[in-house]
Amino acid sequence: MSTAHTTDEFRMPRIVIIGGGFSGIGMAIRLRAEGIDDFVVLERAASHGGTWRDNSYPGCACDVQSVLYSFSFAPNPDWTRTFSPQAEIWAYLRRCATEYDIDRHFVFGETVQAAAWDDERQQWRVQSSTRSWRPEIVIMATGGLSDAVMPRIEGLPTFRGTMFHSAQWRHDVELTGKRVAVIGTGASAIQFVPRIQPQVAQLAVFQRTAPWIMPRRDKPIAAWRKQVYRHVPILQRAHRAATYLLREALHLPFRNARAARVVEWIAARHMQAQVADSALRAKLRPGYRIGCKRILVSDDYYPALAQPNVTLVTDAIASIEAAGVRTADGALHAVDVIIVGTGFRPTDPVLAPHICGRMGESLAETWQGSPRAYMGTSHAGFPNFFSLMGPNTALGHSSVLLMIEAQVEHVIGVLQYMVSRHIAAAEPDAVAQRAWVASVDARLQATTWNAGGCSSWYIDATGRNSTLWPDGVGRFRRTVARIDPREYRWMPRHEARARDLVDA
Ligand SMILES: Cc1cc2nc3c(=O)[nH]c(=O)nc-3n(C[C@H](O)[C@H](O)[C@H](O)COP(=O)(O)OP(=O)(O)OC[C@H]3O[C@@H](n4cnc5c(N)ncnc54)[C@H](O)[C@@H]3O)c2cc1C
């Protein structure tokens, strides 16, 4: 990376980060720590925060302990609960941005629409809502769960009442005394159902597949403990390390049938203890191996379902009509409000068709329905382009912030290598990328995600699991933090680009 500017690029940042959630903020902080100041973070919304800005539904909280679901370099002694609520996590992120002095790098309300590599100039051409950019490096930090998905149900637009997705919660819609339908029983729904149940007149929860649910054991963090963490930070670090190791062990059930049966037994006992009605229990019992779909954690979802104003509907939804939801058995469930809790589109990033590499092909075209990347982070044919939370970097058992931080280190390693050798552009070797993807695929074969007998959002349109990392976090961190120069193509500066720099 050079530091010179051409005239027409005056004040153009060298690096564009797309997205200001945990990934974009973590990357920006690390660049500053490295002494790199020449970057901008383009964020489509009006503030940073990503997931934790958008998901403001009642009960929204992390499901990995906050002590681990925070940046390793920015411990927070003030978490109020084991699993902190959304508002606190969002505030933490904004505080990090201010404390690490990266706010001034943010441009809000700027949606990146397209990016194309100009091989002659060895630059990216990035188009966002109001302007264009010419950075040398593009880092995509748009998140796996940032684009909400509405289900494809016949008649959806004909509904006469109010309908919204849980990631775009309508706080202006009064639910008190209303008849409400919830479509979906995933990680978000099981958090907001217990919160809205006492408020609403009737609640119909439409379940396609029963989730496995483990006890959450969320509790407030005592004031004395916060004081201890504030004054003896090493104790909070020790707690974080212990939580990390414990969660690494939770990876075992995904590849070991005996361990999975133990976890299934704990989940079954949890249900037995919380649901007295055997007919309801029968509806709630999952018909697939635990872990195949995301394992959920909750202490209050089952008790909420057992309340007299709640019906768990397991008949398939046939259509949506003006008055409510029609199920396959012919029944009409008349409601005033429909809340959609059907998640996101992690295997089909919205920007992928609009990012074009060295050969003019888009990311989506090279993926052909199945996202692939070298170490989840860099992409053969796409020089100086990195993705955070890219293909096969999500987790079923621990904090993805650990993965994001490892990816950030990888990007920094590549940038350092480029600077030290005056390299203009770098991309992973196609053979190295194929080998990486093949080894991830092979290790995924034996896991419950691939062989657990269910369909899940981990699996893409081609039937491949392009979402999850197959092993413990430790293995990813060890492998990805290290740069093997032989696995990258390092490109010297083209003459045209060198001329620009001399002219400047
Ligand atoms: C309700 C919920 C709870 C979760 N709980 C946990 C948990 O407990 N533990 C865990 O490990 N993970 C959890 N996750 C996953 C969570 O998404 C990640 O942990 C993390 O927040 C991802 O951060 P990110 O920055 O990569 O993506 P995001 O937080 O999604 O941020 C992406 C940002 O990019 C912006 N953006 C997108 N497209 C564009 C564009 N074209 N131009 C400009 N900006 C753009 C978005 O507006 C957004 O601000 C949860 C997810 C959800 C939805």
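Because only heavy atoms are used, hydrogens play no part in the values below, and waters and symmetry mates are left out as well, while side chains stay in.
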**Asked** Considering only heavy atoms from C-beta outward, does the side chain of Phe476 approach that of Asn392 to under 4.5 Å?
**Response** no
**OG1-NZ distance between Thr185 and Lys293, expressed to the nearest 0.5 angstrom** = 8.0 Å
**Item:** Gln368 and Thr462: CA distance, side-chain angles, deciding distance, side chain to side chain contact (heavy atoms under 4.5 Å, CB included) verdict
**Value:** CA-CA 8 Å; Gln368 295 188 346; Thr462 70; 6.0 Å; no
**Asked** side-chain hydrogen bond (donor to acceptor under 3.5 Å, both in side chains) with Asp118: which of Arg134, Arg125, Arg358?
**Response** Arg125
**Prompt:** Closest heavy-atom contact between Asp460 and Pro371?
**Reply:** OD2-CD, 4.0 Å
**Request:** Begin with the C-alpha distance, continue with both residues' side-chain angles, and end with the deciding distance and a verdict on side chain to side chain donor-acceptor pair (under 3.5 Å) for Thr130 and Glu110.
**Result:** CA-CA 7 Å; Thr130 67; Glu110 204 66 47; 2.8 Å; yes
**Request:** Assign the ring pair His251 / His397 to parallel, tilted or perpendicular, where the plane angle (0 to 90°) is split at 30° and 60°.
**Result:** tilted
**Fill in**
Partner of Val40 under side-chain contact (heavy atoms from CB on, under 4.5 Å), picked from Ile15, Val16, Ile18, is Val16
**Item:** Check: Val480 main-chain N/O paired with His410 side-chain donor or acceptor under 3.5 Å
**Value:** yes
**Message:** Can a donor-acceptor pair be found, under 3.5 Å and without considering hydrogens, that links the side chain of Gln191 to the backbone of Ala61?
**Reply:** yes
**Request:** Flag the pair Trp52 / Cys60 as yes when at least one side-chain heavy-atom distance between them is below 4.5 Å, and no otherwise.
**Result:** yes
**Aromatic centroids of Phe73 and Tyr100 separated by under 6.0 Å** = yes
**Request:** Could you tell me whether Arg294 and Asp63 have a side-chain N and a carboxylate O separated by less than 4.0 Å?
**Result:** yes
**Message:** side chain to side chain contact (heavy atoms under 4.5 Å, CB included), that's the test. Do Trp490 and Val414 meet it? Break it down for me.
**Reply:** CA-CA 10 Å; Trp490 308 100; Val414 173; 3.9 Å; yes
**Request:** Assert yes or no for the condition that the ring centre distance of Trp79 to Tyr229 is strictly below 6.0 Å.
**Result:** no
**Prompt:** Going by the angle between their ring planes, with limits at 30° and 60°, are Tyr57 and Trp169 parallel, tilted or perpendicular?
**Reply:** tilted
**Message:** Strictly distance-based, threshold 3.5 Å: is any side-chain N or O of Ser398 a donor or acceptor partner for the main-chain N or O of Glu248?
**Reply:** no
**Item:** Flag side-chain contact, heavy atom, 4.5 Å: His239 against Leu235
**Value:** no
**Request:** Output yes when a side-chain donor or acceptor of Arg434 lies under 3.5 Å from a complementary backbone atom of Asp429, and no otherwise.
**Result:** no
**Item:** Distance-minimising heavy-atom pair for Ser166 and Phe192
**Value:** CB-CE2, 3.5 Å
**Request:** Indicate the atoms forming the closest heavy-atom contact of Glu43 with Ser47, along with that distance.
**Result:** CG-O, 3.7 Å
**Message:** Within the 4.5 Å heavy-atom criterion, are Ile17 and Phe106 side-chain neighbours or not?
**Reply:** no
**Prompt:** If you round to the nearest 0.5 Å, how far is OG1 of Thr447 from OH of Tyr458?
**Reply:** 10.5 Å
**Asked** Does any N or O in the side chain of Arg443 come within less than 3.5 Å of the main-chain N or O of Asp471, such that one atom is a donor and the other an acceptor?
**Response** no
**Message:** Tell me whether the NZ or CZ atom of Arg372 lies within the 45° cone about the ring axis of Trp436 and under 6.0 Å from its centre.
**Reply:** no
**Prompt:** Going by the angle between their ring planes, with limits at 30° and 60°, are Phe382 and Phe385 parallel, tilted or perpendicular?
**Reply:** tilted
**Request:** Using only heavy-atom distances, determine whether the side chains of Glu427 and Gln433 contain a donor-acceptor pair under 3.5 Å.
**Result:** no
**Prompt:** Is the backbone of Ser362 close enough, under 3.5 Å, to the side chain of Glu365 for a donor and an acceptor to pair up by distance?
**Reply:** yes
**Prompt:** Is a salt bridge present between Arg30 and Glu409, judged by a nitrogen-to-oxygen distance below 4.0 Å?
**Reply:** yes
**Request:** Begin with the C-alpha distance, continue with both residues' side-chain angles, and end with the deciding distance and a verdict on side chain to side chain contact (heavy atoms under 4.5 Å, CB included) for Met418 and Leu415.
**Result:** CA-CA 5 Å; Met418 288 170 71; Leu415 298 187; 4.3 Å; yes
**Request:** Considering only NZ, NE, NH1 and NH2 on the basic side and carboxylate oxygens on the acidic side, decide whether Asp103 and Arg94 come within less than 4.0 Å.
**Result:** no
**Asked** Side chain of Tyr92, backbone of Pro75: donor and acceptor closer than 3.5 Å?
**Response** no
**Asked** Around Arg104, counting heavy atoms of other residues, nucleotides and ligands shown, do more than 12 lie under 6.0 Å from its CZ?
**Response** yes
**Item:** Ser370 vs Arg464, side chain to side chain donor-acceptor pair (under 3.5 Å): CA-CA, chis, key distance, verdict
**Value:** CA-CA 7 Å; Ser370 190; Arg464 188 178 152 261; 2.7 Å; yes
**Request:** Flag the pair Val400 / Thr393 as yes when at least one side-chain heavy-atom distance between them is below 4.5 Å, and no otherwise.
**Result:** no
**Asked** So how far is it from Thr243 OG1 to Leu68 CG, rounded to the nearest 0.5 Å?
**Response** 6.0 Å
**Backbone of Gly381 reached by a side-chain donor or acceptor of Trp117 within 3.5 Å** = no
**Item:** Non-hydrogen atoms of Asn55 and Gln86 that approach each other most closely
**Value:** O-CG, 3.0 Å
**Prompt:** Does Arg208 CZ have over 12 foreign heavy atoms under 6.0 Å away?
**Reply:** no
**Flag side-chain contact, heavy atom, 4.5 Å: Arg217 against Thr82** = no
**Prompt:** Quick check: does any side chain N or O of Ser420 sit under 3.5 Å from a backbone N or O of Tyr417, one acting as donor and the other as acceptor?
**Reply:** yes
**Message:** Please give me the minimum heavy-atom distance between Val126 and Ala115, naming the atom from each residue.
**Reply:** CG2-CB, 4.0 Å
**Request:** State, to 0.1 Å, how close Ala260 and Arg289 come at their nearest heavy-atom pair, and which atoms those are.
**Result:** CB-CD, 3.6 Å
**Side chain proximity check, Phe108 to His48, heavy atoms < 4.5 angstrom** = yes
**Request:** For this output row, return yes or no: ring centroids of Phe22 and Phe71 closer than 6.0 angstrom.
**Result:** yes
**Message:** As a quick check of understanding, evaluate side chain to side chain donor-acceptor pair (under 3.5 Å) for Asn76 and Ser70, giving each step before the final call.
**Reply:** CA-CA 8 Å; Asn76 176 18; Ser70 37; over 6 Å; no
**Request:** Please indicate whether Met150 has more than 12 foreign heavy atoms, meaning atoms of other residues, nucleotides or ligands, lying under 6.0 Å from its CE.
**Result:** yes
**Under 3.5 Å donor-acceptor, Gln123 side chain and Trp133 backbone** = no
**Asked** Say you draw a straight line from OG of Ser128 to CZ of Arg44; how long is it, rounded to the nearest 0.5 Å?
**Response** 13.5 Å
**Request:** Go through Glu361 and Thr366 one step at a time and tell me if the side chain to side chain donor-acceptor pair (under 3.5 Å) criterion holds.
**Result:** CA-CA 7 Å; Glu361 254 188 339; Thr366 61; 5.5 Å; no
**Asked** Could you walk me through whether Ile339 and Phe164 pass the side chain to side chain contact (heavy atoms under 4.5 Å, CB included) check?
**Response** CA-CA 5 Å; Ile339 305 173; Phe164 56 88; 3.8 Å; yes
**Heavy-atom side-chain contact between His379 and Trp367 under 4.5 Å** = yes
**Message:** With salt bridge (charged side-chain N to carboxylate O under 4.0 Å, His left out) as the criterion, how do Arg477 and Glu405 come out once you've worked through the C-alpha distance, each side chain's angles and the decisive distance to 0.1 Å?
**Reply:** CA-CA 9 Å; Arg477 296 210 298 179; Glu405 285 193 31; 5.9 Å; no
